[in-house]
Amino acid sequence: MRALGVEGAWVDTPKVFTDDRGRFHEWFKDGAFRDAVGQDLRLAQANCSRSVRGTLRGIHFAEVPPGQAKYVTCVSGAILDVVVDLRVGSPGFGTWDAVRLDDTTHRSVYLSEGLGHAFMALEDDSTVVYLCSEGYAPGREHGVDPLDPSLGIDWPEDLVPLLSDKDAAAPSLAEAERQGLLPSFEECAAYRRSLVGDGQEIGG
C-alpha cells in the first residue's frame with residue numbers, strides 16, 4: 001500500500017494473475033493493511049453502488065468520533081476516486097488526491113476517519129464496493145459541494161456531472177466550516193490513536 005497526498009489515505013495496487021480462465025487478485029490483505037495503516041480494518045457495513053457515466057457522488061463525510069473510514073474498490077467499469085482533507089487544523093486542509101479505480105488494475109483506496117470521499121463514474125454501469133468502519137447514521141452524515149471552486153477538483157472535462165439533489169445542495173467548504181460541520185484534525189488524530197493497540201504506531 002502506498003500513502004496518498006492526503007495524510008490518512010492509502011492506495012493498494014494488487015498483483016493481478018491472468019490465464020485462459022480469466023483473472024484473479026487479492027482484494028484485501030490484512031498484514032499489508034496493518035503494516036501500512038498501523039491498525040486492523042474495522043468492518044461494520046459493506047455498500048455497493050452502480051452508476052451511469054458522469055454520476056458524481058460526494059463529497060461525503062461523517063462526524064468524528066466515530067466517523068466512517070472506507071476501503072473502496074471498483075469491481076466493474078471505472079471511476080475517478082477522490083479523497084479530500086476536510087479536517088480543520090490539518091496542514092493539508094482543503095487539499096485532495098485522486099486515483100482511477102477500475103476493473104483492470106483493481107486498485108483500492110483506504111481513507112481514514114474525518115476525510116471526505118467522492119467519486120465520478122467514467123463508464124456506464126460502474127460498480128463500486130466499499131467497506132465501512134461504521135454503519136450509516138443519517139444524523140451524523142454531511143457533505144461538501146464537490147464542484148466548489150475553492151477545492152478545484154479536476155473532474156473530467158468531457159463529462160457533465162450528475163448529482164443527487166442532496167449533493168447538489170451541499171455547502172461549500174468555507175460554509176461547512178462556518179456552520180461547524182467539519183471534523184477537527186486533532187479530534188481525528190486522537191480517535192485514530194484510540195484504535196491502535198499499545199506499542200503500535202499509525203502508519204503514513
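Heavy atoms only, all atoms of each residue included: Met1 and Tyr110 are closest at CE-CB, 4.2 Å. Taking every heavy atom of both residues into account, Glu123 and Gly77 meet most closely at OE1-CA, 3.3 Å. Scanning all heavy atoms of the two residues, the minimum distance from Thr95 to Gly92 falls at OG1-O, 2.6 Å. For the pair Asp167 and Gly58, the tightest heavy-atom approach, listed with the atom from each and the gap, is OD2-N, 3.1 Å. Of all non-hydrogen atoms in Ser172 and Val144, the two that sit nearest each other are C-CG1, 4.1 Å. The minimum heavy-atom distance between Tyr191 and Pro66, with the atom names listed, is CE2-O, 3.2 Å.
No close placement of the Phe185 and Phe93 rings is indicated, their centers lying 6.0 Å or farther apart.
Between Phe33 and Tyr71, the ring-plane angle classifies as perpendicular under the 30° and 60° cut-offs. Ring planes of His106 and His25: parallel class, angle under 30° (limits at 30 and 60°). The aromatic rings of Tyr130 and Phe119 stand perpendicular to each other, their planes meeting at an angle above 60°, with 30° marking the opposite boundary.
By the neighbour-count criterion of 12 heavy atoms within 6.0 Å, atom CD of Glu186 is sparsely surrounded, having that number or fewer from other residues, nucleotides or ligands.
Side-chain heavy atoms closer than 4.5 Å link hydrophobic residues (I, L, V, M, F, W, Y) into clusters, and following such links, possibly through other members, connects Ile59 to Leu163. Transitive grouping of hydrophobic side chains (ILVMFWY, heavy atoms separated by less than 4.5 Å) keeps Met120 and Val128 in distinct clusters. Both Leu41 and Val37 are assigned to one and the same hydrophobic cluster, defined by single-linkage of ILVMFWY side chains at heavy-atom distances under 4.5 Å. Hydrophobic clustering (side-chain heavy atoms under 4.5 Å, transitive across Ile, Leu, Val, Met, Phe, Trp, Tyr) keeps Phe28 apart from Leu4. Under a hydrophobic clustering in which Ile, Leu, Val, Met, Phe, Trp and Tyr are joined whenever their side-chain heavy atoms come within less than 4.5 Å, directly or via other members, Leu80 and Val109 fall into different clusters.
Between Asp125 and Arg50 there is a salt bridge, with a side-chain nitrogen of the basic residue lying less than 4.0 Å from a carboxylate oxygen of the acidic one. Salt-bridge check for Glu134 with Arg140: failed, with every basic side-chain N at 4.0 Å or more from each acidic carboxylate O. We find that Arg192 and Glu7 are joined by a salt bridge, their nearest charged nitrogen and carboxylate oxygen being less than 4.0 Å apart. Salt bridge status for Arg53 with Asp158: present, with a side-chain N to carboxylate O gap under 4.0 Å. Between Asp40 and Arg34 there is a salt bridge, since at least one side-chain N of the basic residue sits less than 4.0 Å from a carboxylate O of the acidic one.
There is no side-chain donor-acceptor pair under 3.5 Å between Glu141 and His60. A side-chain donor-acceptor contact under 3.5 Å links Asp85 and Ser90.
In this structure, Glu187 CD and Glu113 CD are separated by 13.0 Å, a value rounded to the nearest 0.5 Å. Atoms CH2 and CG, on Trp27 and Leu131 in that order, are 4.0 Å from each other to the nearest 0.5 Å. To the nearest 0.5 angstrom, Leu162 atom CG is 8.5 Å from Leu56 atom CG. Taking OG from Ser112 and CD from Gln39, the interatomic distance works out to 8.0 Å, rounded to the nearest 0.5 Å. For the atom pair OG (Ser49) and CD1 (Ile79), the distance works out to 7.5 Å, reported to the nearest 0.5 Å. Atom SG of Cys132 and atom NZ of Lys70 lie 6.0 Å apart (nearest 0.5 Å).
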| task | Kindly indicate, with the supporting measurements, whether the criterion side-chain contact (heavy atoms from CB on, under 4.5 Å) is fulfilled by Val84 and Leu115. | result | CA-CA 6 Å; Val84 186; Leu115 296 177; over 6 Å; no
| request: Apply the test side-chain contact (heavy atoms from CB on, under 4.5 Å) to residues Phe24 and Asp19: give CA-CA distance (whole Å), side-chain angles for both, the deciding distance (0.1 Å), then the verdict. | output: CA-CA 9 Å; Phe24 171 86; Asp19 59 25; over 6 Å; no
| message | Please evaluate residues Arg2 and Trp10 with respect to the criterion side-chain contact (heavy atoms from CB on, under 4.5 Å), reporting the C-alpha separation (whole Å), side-chain torsions for both, the decisive distance (0.1 Å), and the verdict. | response | CA-CA 5 Å; Arg2 173 179 62 84; Trp10 291 262; over 6 Å; no
| request: Could you walk me through whether Val88 and Glu177 pass the side-chain contact (heavy atoms from CB on, under 4.5 Å) test, one step at a time? | output: CA-CA 8 Å; Val88 177; Glu177 183 177 8; 3.9 Å; yes
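Looking only at distances, a side-chain donor or acceptor of Ser133 sits under 3.5 Å from a matching main-chain atom of Ala69. Judged by distance alone, the side chain of Asp102 and the main-chain N or O of Thr105 form a donor-acceptor pair under 3.5 Å. A donor-acceptor pair under 3.5 Å is formed between the side chain of Asp148 and the backbone N or O of Leu173. The backbone N or O of Leu151 sits less than 3.5 Å from a side-chain atom of Trp96, completing a donor-acceptor pair. No side-chain donor-acceptor contact under 3.5 Å links Asp12 to the backbone of Arg107. Without hydrogens or angle criteria, Thr73 side chain to Val129 main chain gives no donor-acceptor distance under 3.5 Å. Remark: the backbone N or O of Gly5 is paired with a side-chain donor or acceptor of Asp97 at under 3.5 angstrom. Judged by distance alone, the side chain of Arg87 and the main-chain N or O of Ala189 form no donor-acceptor pair under 3.5 Å.
Looking only at side-chain heavy atoms (C-beta outward), Thr127 and Cys74 stay at 4.5 Å or farther from each other. Using a 4.5 Å cut-off on side-chain heavy atoms (C-beta onward), Leu181 and Glu63 make no contact.
No option in Val99, Asn47, Leu101 other than Leu101 meets the side chain to side chain contact (heavy atoms under 4.5 Å, CB included) test with Val72.
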